[in-house]
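Computed from a predicted structure; not experimentally measured. Below, chain A is the first sequence line, B the second, and so on; all start at residue 1. FYI, side chains are in, hydrogens and waters are out, and symmetry mates aren't considered; it's all heavy atoms of this structure.
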Amino acid sequence: MAIKLYDSLTRELRELHPAQPAGVFTFYNCGPTVYAPAHIGNFRTFVVNDVLRRLLELEFGAANVKHVRNLTDVDDKTIKRARDEGRSLTEVTKRWTDKFHADCAALNCLPPHEEPRAADPKHLREQVNMIECLLDKGNAYRTADGSVYFKVSSFPGYGRLSRVKERELQPGAALKTLAADADEKEDGSDFALWKAWKPDDGPNKWPGPKGAAEGRPGWHIECSAMSKSILGATIDLHSGGVDLLFPHHENEIAQSECCNGTTFARHWYHSEHLLVDGKKMSKSLGNLYTLDDLATKGFSPMAVRYALLSGHPRKQLNFTLDSLHAAESALHTLRAYRATLPDAGVTHDVFAPVLAALQEDLNTPAALGALFTIVNRKDGQADTASFDRILLALGLVLAPNPRRISAPAEIQAIADRRWAAKLAKDFATADALRKELAAGGWSMLDRKDGFSLEPAKK
RNA sequence: GGCGCGGUAGCCAAGUGGUAAGGCCGAGGUCUGCAAAACCUCUAUGCGUCGGUUCAAUUCCGACCCGCGCCUCCA
């Protein structure tokens with residue numbers, strides 16, 4: 001069964017296939033800028049793309065999917081961060097790259113097959129080459145300060161993805177743009193391919209394209225150059241968050257297609273934003289969460305993953321702390337269900353409807369709904385092997401008991417005394433000690449042969 | 001102002017031209033000395049508002065109201 005996925009360019013559901021029948025399916029996903037910890041909105045995109053990656057591997061075979069996700073490690077924000085902290089650019093980007101990798105691992109996102117960095121010397125050369133290609137073909141021009149801009153009017157296809165020609169700039173936005181760039185650009189919609197060095201950039205500069213000054217690449221060129229280098233001039237699928245649709249992806253198309261003379265991406269996919277308490281996350285609203293923020297509140301990364309999958313990827317998803325509680329409970333239900341399953345023996349796959357929901361435009365909430373429908377049926381048709389297969393497709397890991405932590409000695413002592421009282425059938429004492437434990441923030445779970453302690457639920 | 005998305009039970013959230021998946025929470029029950037867990041049952045005559053098309057609309061069309069996002073370097 002084929003995967004159907006919405007294509008942002010044609011605005012319809014289209015089946016995913018590699019360009020060459022039985023060839024490798026090439027998948028490029030725009031990655032993070034590594035200057036700070038990624039927030040859960042960023043991770044919504046990466047988790048959604050991770051499910052897509054897993055689905056592609058099921059469809060075409062793991063060996064026939066090549067997944068690339070870049071790291072933006074040179075831009076205004078990374079350079080500013082390095083300057084503010086008095087560190088080198090690589091120190092800063094290395095630190096946040098490591099953090100990003102740790103967070104991805106916690107969320108059980110598969111690492112991409114390649115993860116190119118914009119500031120990698122090899123890739124910097126490729127970016128410079130592409131800029132020179134665009135200069136040669138007349139799609140770009142140099143300015144007096146040694147920067148290079150893409151000439152939007154030279155590419156008739158510009159705006160096809162975002163339909164930008166139908167847009168009208170808001171007066172305020174237009175004025176702001178003019179103030180910032182009027183001195184250099186020929187046209188307000190032209191964008192930077194190469195930015196000449198400025199004192200604020202500190203030591204961060206590289207040899208530019210011919211005829212241009214030392215400096216650094218513009219943001220968009222990295223994806224065009226690196227995807228070409230690793231995946232070829234035409235890629236099968238390109239994805240990212242909706243906010244990248246314009247101008248980032250529009251600009252990538254312009255650069256790549258003008259230089260390469262061929263289709264850049266055969267299929268475009270954009271996941272919608274995560275909202276927190278009904279609003280876009282922002283520092284000023286105080287609703288921006290990182291994985292660590294949520295861990296501090298006692299939520300597991302797997303609950304975050306589940307919550308991020310609980311809404312359709314192409315719809316804004318309202319993320320709340322309540323939705324995380326719901327996710328923890330849902331995962332617990334799945335964990336308990338798994339314990340009831342036989343190890344193997346079932347030949348047909350009862351969980352096929354879950355996969356079918358994913359194949360129909362990556363409908364993760366419908367998939368989770370289908371999963372629970374089957375779980376609730378308890379018809380004896382499932383086994384752990386089939387259940388684990390579907391969990392693997394969703395990337396869900398049911399940790400044995402993620403919340404259990406060992407109790408302090410004094411709590412243990414009280415618990416021991418209560419257990420003894422219970423065995424002696426001194427229930428008055430036992431109940432009093434249970435209250436004492438509760439007052440200390442712990443609850444005691446009795447079993448036939450002993451007990452365990454858990455932090456009391458809030 | 002332009003472009004786009006959405007408004008479904010207390011919360012989150014699928015979905016369909018023929019009468020509403022699922023999760024969470026909540027309620028009742030079984031079982032446990034109690035508690036927890038587990039299991040069972042229940043929880044929208046209704047899908048923003050008003051019109052229209054239709055035998056039939058939450059689902060199609062129109063208008064309106066409300067919310068959200070983007071509009072040059074934010075996933």
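With 3.5 Å as the limit, one finds no donor-acceptor pair spanning the side chains of A:D292 and A:T290.
With sequence neighbours excluded, the residues forming a ring-ring contact (aromatic ring centres under 6.0 Å, His included) with A:F191 are A:F150, A:H220, listed by chain and number.
Spacing between atom CG of A:N251 and atom P of B:C71 amounts to 13 Å, rounded to whole angstrom units. In this entry the distance linking CG of A:L334 with C1' of B:A38 reads 15 Å, nearest Å. Distance A:H332 NE2 to B:A37 C1': 7 Å, rounded to the nearest Å. One atom, CG of A:L362, and another, P of B:A14, lie 12 Å apart when rounded to the nearest Å. One atom, NZ of A:K315, and another, P of B:G67, lie 18 Å apart when rounded to the nearest Å. B:A35 atom P lies 12 Å from atom CZ of A:F427, rounded to whole Å. The distance from atom CG of A:L433 to atom P of B:A36 is 18 Å, rounded to the nearest whole Å. The nearest whole Å value for the distance from the CG atom in A:D187 to the P atom in B:U72 is 14 Å.
Within the structure, salt bridge (charged side-chain N to carboxylate O under 4.0 Å, His left out) pairs that include any residue of residues 308-319 of chain A comprise A:R314-A:D361 (at least two apart or interchain).
You'll find the side chain of A:V304 stays beyond 4.5 Å of the side chain of A:F43, heavy atoms only. Side-chain contact between A:N70 and A:C30 is present, with at least one heavy-atom pair separated by less than 4.5 Å. Residues A:I414 and A:E410 have side chains not in contact (no heavy-atom distance under 4.5 Å, counting atoms from C-beta outward).
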Would you list the atom pairs, donor with acceptor, under 3.5 Å between side chains in residues 424-433 of chain A and any protein atom, with sequence neighbours excluded?
residue: A:D426; atom: OD1; partner: A:T429; partner atom: N; Å: 3.3
residue: A:D426; atom: OD1; partner: A:T429; partner atom: OG1; Å: 3.1
residue: A:D426; atom: OD2; partner: A:T429; partner atom: OG1; Å: 2.5

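Comparing the P positions of B:U58 and B:A9 gives an interatomic distance of 15 Å, to the nearest angstrom. B:C66 and B:G52 have their C1' atoms separated by 22 Å, given to the nearest Å. Spacing of C1' atoms, B:U43 relative to B:G10, comes out at 11 Å, to the nearest Å. Taking atom C1' in both B:U16 and B:U8, one finds a spacing of 13 Å when rounded to whole Å. Distance noted for atom C1' between B:U54 and B:C60: 10 Å (whole Å). Between B:U45 and B:G6, the two P atoms lie 25 Å apart (nearest whole Å). B:C65 and B:C73: their P atoms are spaced 32 Å apart (whole Å). As rounded to the nearest Å, B:C25 and B:A37 have P atoms that lie 9 Å from one another.
In this structure, the ring of A:H238 has its center less than 6.0 angstrom from the ring center of A:H249. Ring pair A:F100/A:F46: centre-to-centre distance below 6.0 Å. In this structure, A:W96 has its ring center no closer than 6.0 Å to that of A:Y35.
Side-chain N/O atoms of A:N363 include none lying less than 4.0 angstrom from OP1 or OP2 on B:A14.
Residues A:P313 and A:K422 both approach RNA chain B. Their nearest nucleotides, taken by heavy-atom distance, put A:P313 toward the 5′ side.
Counting only distance, with no hydrogens or angles, the side chain of A:E328 and the backbone of A:S300 share a donor-acceptor pair below 3.5 Å.
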Review item, nucleotides 73-75 of chain B N/O atoms under 3.5 Å of protein N/O:
residue: B:C73; atom: N3; partner: A:K195; partner atom: NZ; Å: 3.2
residue: B:C73; atom: N4; partner: A:K195; partner atom: NZ; Å: 2.1
residue: B:C74; atom: OP2; partner: A:K77; partner atom: NZ; Å: 2.6
residue: B:C74; atom: O2; partner: A:K280; partner atom: NZ; Å: 2.3
residue: B:A75; atom: O5'; partner: A:N42; partner atom: OD1; Å: 3.4
residue: B:A75; atom: O4'; partner: A:N42; partner atom: OD1; Å: 3.2
residue: B:A75; atom: O2'; partner: A:T45; partner atom: OG1; Å: 3.3
residue: B:A75; atom: O2'; partner: A:G241; partner atom: N; Å: 2.4
residue: B:A75; atom: N6; partner: A:H273; partner atom: ND1; Å: 3.2
residue: B:A75; atom: N1; partner: A:G41; partner atom: O; Å: 3.4
residue: B:A75; atom: N1; partner: A:H273; partner atom: ND1; Å: 3.1
residue: B:A75; atom: N1; partner: A:L274; partner atom: N; Å: 2.9
residue: B:A75; atom: N3; partner: A:G41; partner atom: O; Å: 2.6
residue: B:A75; atom: N3; partner: A:T45; partner atom: OG1; Å: 3.1

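Among the atoms of the strands shown, base atoms are found under 4.0 Å from some heavy atom of A:R418. Within the nucleic acid shown, A:K378 comes within 4.0 Å of sugar-phosphate atoms alone, with no base atom in reach, counting heavy atoms only. Contact annotation for A:N49: no contact, since no heavy-atom pair falls under 4.0 Å across all strands.
Each of A:D145, A:D76, A:D201 was scored for a salt bridge (charged side-chain N to carboxylate O under 4.0 Å, His left out) with A:K195, with one residue passing: A:D76.
Helical stems in RNA chain B, defined as runs of 3 or more consecutive Watson-Crick or G-U wobble pairs with donor-acceptor distances under 3.5 Å: B:1-7 with B:65-71, B:10-12 with B:22-24, B:26-30 with B:38-42, B:48-52 with B:60-64.
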Contact pattern, 5' to 3', of nucleotides 17-32 of chain B - B, S or - by protein heavy atom under 4.0 Å:
----BSSSS-------

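The side chain of A:L317 lies closest to B:C12, out of B:C12, B:U72, B:G33.
Residue-environment remark: NZ (A:K4) stays at or below the threshold of 12 foreign heavy atoms within 6.0 Å.
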